[in-house]
Each structure stands twice: as C-alpha cells, then as structure tokens.
Amino acid sequence: MKKADIKYNIRGNMAEIVKYPIGEQDFKSLREMGCLYIDKTQYIDKIISMSNKYYFLARPRRFGKSLFLSSLQYFFEGRRDLFKGLYIDSTHWNWEAYPVLRLDLNTEKYEVPGLLDSLVDNTFKKWEKEYDIKEIAETLSTRFQNIIASAHEKTGRQVVILVDEYDKPLVGNLNMDENFEHYRAKLASVYSNFKSSAEHIRLVFLTGVSRFSKLSVFSDLNNLNDITFDNDFADICGITEKELIENFYSGIEIFAKENEISFRDACIELKNNYDGYRFAKKGSDIYNPWSLLNCLSKREISNYWGRTGKPTIIAEAMYRFDEDIESMLNTQCDETTLQGFDLRNVSPLAMLFQTGYLTIKEYDRGTHLFTLGVPNREVSESLFKELLPYYVKVRRGGDSETVVRNIVNSILLGQPEKLVKNIDIFLAGIPYDMKMEDENNLHNAIYILLALIGTKVETEVHTSDGRIDLLVKTPRFIYIIELKFDHSAEEALTQIEEKQYALPYANDLRRLFKLGLNFSSKTRHLDPPMIEEVVR
C-alpha cells in the first residue's frame, strides 16, 4: 500500500486532514486510507445501464484510467463497503460478485519481445490456479479461452474482463517494426477471445492511449462501444473546473497562501498550467489529475507530467514528417483522423492527440471539424523541450539552456542587438544534415525557441497587406521580425516597411522594434541584421 501525501488544512476554527492520493491507482487502497477521491461512479452506473458489453476508452497517460478500471473491478467483485457514500451506492445494483479478470499491461516497458509473453503467462497461471484448471493449453489464446469458460462455469456468473493499457507494448515499439508486429500478433491472439467467448462474458472494458485500427479487438467486434469521444463520458477521467472547486477549495487556499497570491490568481495559475484538455464535442475543460494533485500537495507550480515520460517517439515522428510545427499544433481535422493508428500510415495528428500533446479546443457542427491545440503550459514545455534537440544542437557559446536563457533576458530587457546575437548562436546549431531547401525547418527552429522561452509569440500573422513572420509581445516590448532565407536583411526590413506591419501597433504604448534578419545556408549564421525602433 502506498503512503498517501497528507496535508493539514486550516479553514476557520476547523482542521481537516487532506490525503492526496499521489500515484495511487488501486481504488481499494485509496478508499481504505481515506484519500481524497473525485466521485466518478456515476459512469459505472451509465455502463451497466447500457446494452453494450464491450467498451474502449482512450486517454493520455497519467489521466486516471487505471483508477477507474480499479473501481470497476471492486464494483463487480461486490465490494459495496468501498463505495459507501458514493453515487453508485444509491442505485439499485444487487452487489453480487462476478468473476473479474484484470490484465494490467502497464507494468513493463516491452523493450524485448519476451516480456509480454512472460507477463501474460504469469497472469494466466494465477487465474488457472484460482479456477482450478488442470489441463493447460499450449497457446496463450487457448489458455485465455479456457480461463474465461472455467470462470463462468465455476461461479455461475459471466466474466468481467478489464484490460489496463491494452496498447502499451505497441505504443512503445512504433518505430521498431519487428517488435511491433510480434506484439501485435500476440495481443491479437489474446483479444480475439472477446468475440469467440461472448457467451461467457458480462463486460469487457479496455483502456489505452491509442486505437490501433489493425488490431483484432477493433476489426472483429462490431458492437464495440468506443466511448473516447462520447459526450456522456467526456469527464470520466480527469478533473473538471466544478470538481476542482468542490473538492480542492482548501488545498487551493493553502497553495495561494504559500505562494503569496490571491485565491483567484492561484486558480488562474492552476488553469494555465494543468487545465485545457477536452475529449468530446460537448466536453468540459479537464485538468490533468496527476499534475494537479502533485501541485497542490507540494504547493508549487512545476512540470509534473513531463517528468513521468519523454515524448521521444512523438518528437521523432514530427521531425520525420517534416511539416510546419506551428501549423500542425494549431489545426483542424475530423473525428476519423483522431481515432486510430495505421503503422504504415501514421497520422501525426492522431499521435499527438492520443498521447495528450494536442487536445480539442472547439468543434464546428457545420463543418464537423475539430480545432486542435496544445492543452496548457506544462504540455507545451514538455513537447518543445523534446523537439529542440532535433532541430538545434548548440555548437558554440555553451549549452542550449544557457542560450535560451540569454534570449529570454534580451527580449524582456528590450535589447534587440543581444537578441539577434543569441538567436545567431541558436541557429548556428541547426544540424548540417537537416534539409534546407526551403525555410520550413528554419521557421520550426525559431518557433520551438520562442515557445520554450514563454513569450507571447505568433507566427505568420496576417495583416491587411501580408504576413508577419514572427511577432513577439511582452508587457513592455513588441518585436516584429521578418526572417529571410538566403536573401538579405535589407530585403527583410524593407518588407516590414512596405507591408506596414507596424501600423496595427501605432497606438500601442510599448516600445516597438523592427528586425530584418537573413539566415545564410552557406555560413549557417545570420547576416548582419537590420534593426529599427519605431519612434513615436
């Protein structure tokens, strides 16, 4: 049993103990320790009230999928004592125990093919012993079939099958074709029993990050209920704004006091860093529960989600697709695009969405298109830090963190000359093997830089007579930057003048700088810049 993080909150004359269940994924342990729990049992009621017996839910990592699956396990095992005071306890469920088979694939990294076989074999052995199966079949598929039938026969009740992170062996091997195919075949042989053993099954519920279109569980089950985009299940995982205020009010008060800010400002900080996810057309904005719990427990804003795993596969795929990053991270698509993976034709949008680096921002019922975007500051920092080495390797003047810090300082202090100097150091690190036929990779490198330094940056900003390459705004300064590729800095500044890019900011009281820059593919440096400050 994991030790819950305990905080003592004072409100008025009353003291209360708040136990934040950091990393606790077992519903029984959470309830027995008296940890704070956001009641999601109304979704169990929805599931048992529907006619479907096969369900699939995709959510990003660290979003509470395992905890919900655990609550399903104890619910079907008849543990009413654990649900006292929760929504489901007030329903007319008979609370009789069903045989529950829970397969947890979240415990291994699957770097070599044999790991899955070993995990499944050990799990099957436990079930074979529990249901007194003497004759053990040779294949995993037949063994699972026998286990399902025996559990039904021994208990007289149909079986509940729960699979946690059903796709983890596949997600971890997207770039390793041989391993991927080995795991795909093994998982397909196990999951094929969901259809062939239907008479013995009460419920199948799978969770994962991705919906792999060429896996048998999706191709064989015509009645599979994918609730990933379902409006009725939009809030099944994560924490809504309403749930935040109702359950974490005292925690937010302590966080605000510790950081010497108002309650309102504390809510804004939490929202900017950890909110912003949305999983359905009518869904609420959702907070990442892992990050929110850690933040309120430690009373400190930090990148908690990023520490739990690096998006290396995502970064490699984005670099391989050779697309404009800013456009990719602010785009529109239909639901079909987001639903599944095809190994031979991986959709970058599906990959980014299903792993949590993109989320739904809006839905247009007229066009049936979703507008996608990066959820929040924490995700943006995680993604761009991972992308940076693919586009820039600092070759002189220190490491990338030092260069980025120097760029931040020059922007905030209104020092355009130093800004250009440090950008030049940054751009000099663009790998020599990077394709440089056009300006796309150059713009990607700049976009990653500005996203990392946290300024309000816009790219390809439309004006009445053209498009600004880069527009950077701070509380005191505005930078209009035109960046050319194998042309001249003079030409870049001339374009700013002729297109009147500064005109919309004529009445803005901030100091405004116009920067004409040109990057030479031969020298791998910026030419001497053209810098002008607008005098008002």
Side-chain angles (χ1 to χ4, degrees), residues 323-330 384 391-392 403-404 406-430 434-474 476-536:
E323 295 186 21
D324 179 68
I325 293 176
E326 194 267 345
S327 297
M328 191 188 302
L329 299 181
N330 298 274
F384 287 115
Y391 290 88
V392 175
V403 175
V404 170
N406 290 338
I407 290 174
V408 171
N409 290 337
S410 58
I411 287 174
L412 296 178
L413 295 174
Q415 299 172 333
E417 292 82 5
K418 288 186 178 180
L419 170 62
V420 172
K421 179 181 178 181
N422 285 293
I423 289 178
D424 184 46
I425 295 173
F426 179 84
L427 294 180
I430 294 179
M434 180 179 284
K435 298 175 183 178
M436 299 296 288
E437 303 87 51
D438 54 38
E439 299 179 38
N440 188 47
N441 282 315
L442 181 61
H443 280 263
N444 281 341
I446 290 288
Y447 182 71
I448 291 170
L449 166 67
L450 295 176
L452 275 175
I453 64 179
T455 58
K456 182 174 177 56
V457 58
E458 302 172 54
T459 65
E460 297 291 334
V461 179
H462 288 265
T463 68
S464 59
D465 193 28
R467 293 184 300 179
I468 303 173
D469 273 353
L470 296 167
L471 177 65
V472 184
K473 299 177 183 177
T474 77
R476 296 173 56 199
F477 307 102
I478 298 175
Y479 301 84
I480 297 174
I481 304 173
E482 185 65 25
L483 182 59
K484 293 297 182 183
F485 181 83
D486 283 337
H487 287 275
S488 70
E490 291 83 356
E491 184 178 341
L493 186 62
T494 298
Q495 181 170 326
I496 295 175
E497 300 288 358
E498 291 181 348
K499 301 292 186 179
Q500 297 185 329
Y501 291 158
L503 186 60
Y505 312 101
N507 295 322
D508 197 303
L509 297 180
R510 287 174 286 187
R511 292 177 64 186
L512 192 155
F513 299 101
K514 298 181 292 185
L515 284 71
L517 308 179
N518 180 67
F519 182 81
S520 168
S521 61
K522 292 182 179 180
T523 66
R524 312 291 287 195
H525 288 285
L526 292 175
D527 292 338
M530 298 294 294
I531 302 173
E532 288 186 6
E533 180 176 359
V534 175
V535 179
R536 296 184 176 89

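Here the structure is a predicted model, which is why all the values come from computation and not from measurement.
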### Message
Taking side chain to side chain donor-acceptor pair (under 3.5 Å) as the definition, give me every residue that meets it alongside Ser488, ordered by chain and number, with sequence neighbours left out.
### Response
none
### Query
Would you say the side-chain atoms of His487 and Asn518 include a donor-acceptor pair closer than 3.5 Å?
no
### Message
Minimum heavy-atom separation for Asp424 and Leu526, please, with both atom names.
### Response
OD1-N, 2.7 Å
### Contact check, side chains of Lys499 and Glu482, non-hydrogen atoms, under 4.5 Å
no
### Task
Work out which heavy atom in Ser410 is nearest to a heavy atom in Tyr479; give both atom names and the distance.
O-OH, 3.5 Å
### Query
What distance do Leu515 atom CG and Ile423 atom CD1 have between them, rounded to the nearest 0.5 Å?
7.5 Å
### Distance, nearest 0.5 Å, that separates CG of Leu413 from NZ of Lys418
8.0 Å
### Query
Hey, does Tyr501 have a side-chain heavy atom less than 4.5 Å from the side chain of Leu471?
no
### Message
If I take atom CG from residue Leu483 and atom CG from residue Leu427, how far apart are they, to the nearest 0.5 angstrom?
### Response
7.0 Å
### salt bridge (charged side-chain N to carboxylate O under 4.0 Å, His left out) contacts touching residues 487-497 (sequence neighbours left out)
Glu497-Lys514
### Query
side chain to side chain contact (heavy atoms under 4.5 Å, CB included) with Glu533: which residues, sequence neighbours excluded?
Arg511, Phe513
### Query
Has the side chain of Asp527 got a donor or acceptor atom that lies under 3.5 Å from a matching backbone atom of Ala489?
no
### Task
Using the test ring pair (Phe, Tyr, Trp, His ring centres under 6.0 Å), find all partners of Phe477 that sit at least two apart in sequence or belong to another chain.
none
### Query
For Ser520, what residues pass the side chain to side chain donor-acceptor pair (under 3.5 Å) criterion, not counting sequence neighbours?
Thr523
### Among Val408, Ile411, Asn406, side chain to side chain contact (heavy atoms under 4.5 Å, CB included) partner for Leu419
Ile411
### Query
If you look at every heavy atom in Ile480 and Ala502, which pair is closest and at what distance?
CD1-CA, 3.6 Å
#### Entry: Residues which pass side chain to side chain contact (heavy atoms under 4.5 Å, CB included) with Asp508, listed by chain and number, not counting sequence neighbours
Ile478, Tyr505, Arg510, Arg536
### Query
What are the two closest heavy atoms between Gly516 and Ala492, and how far apart are they?
CA-CB, 3.7 Å
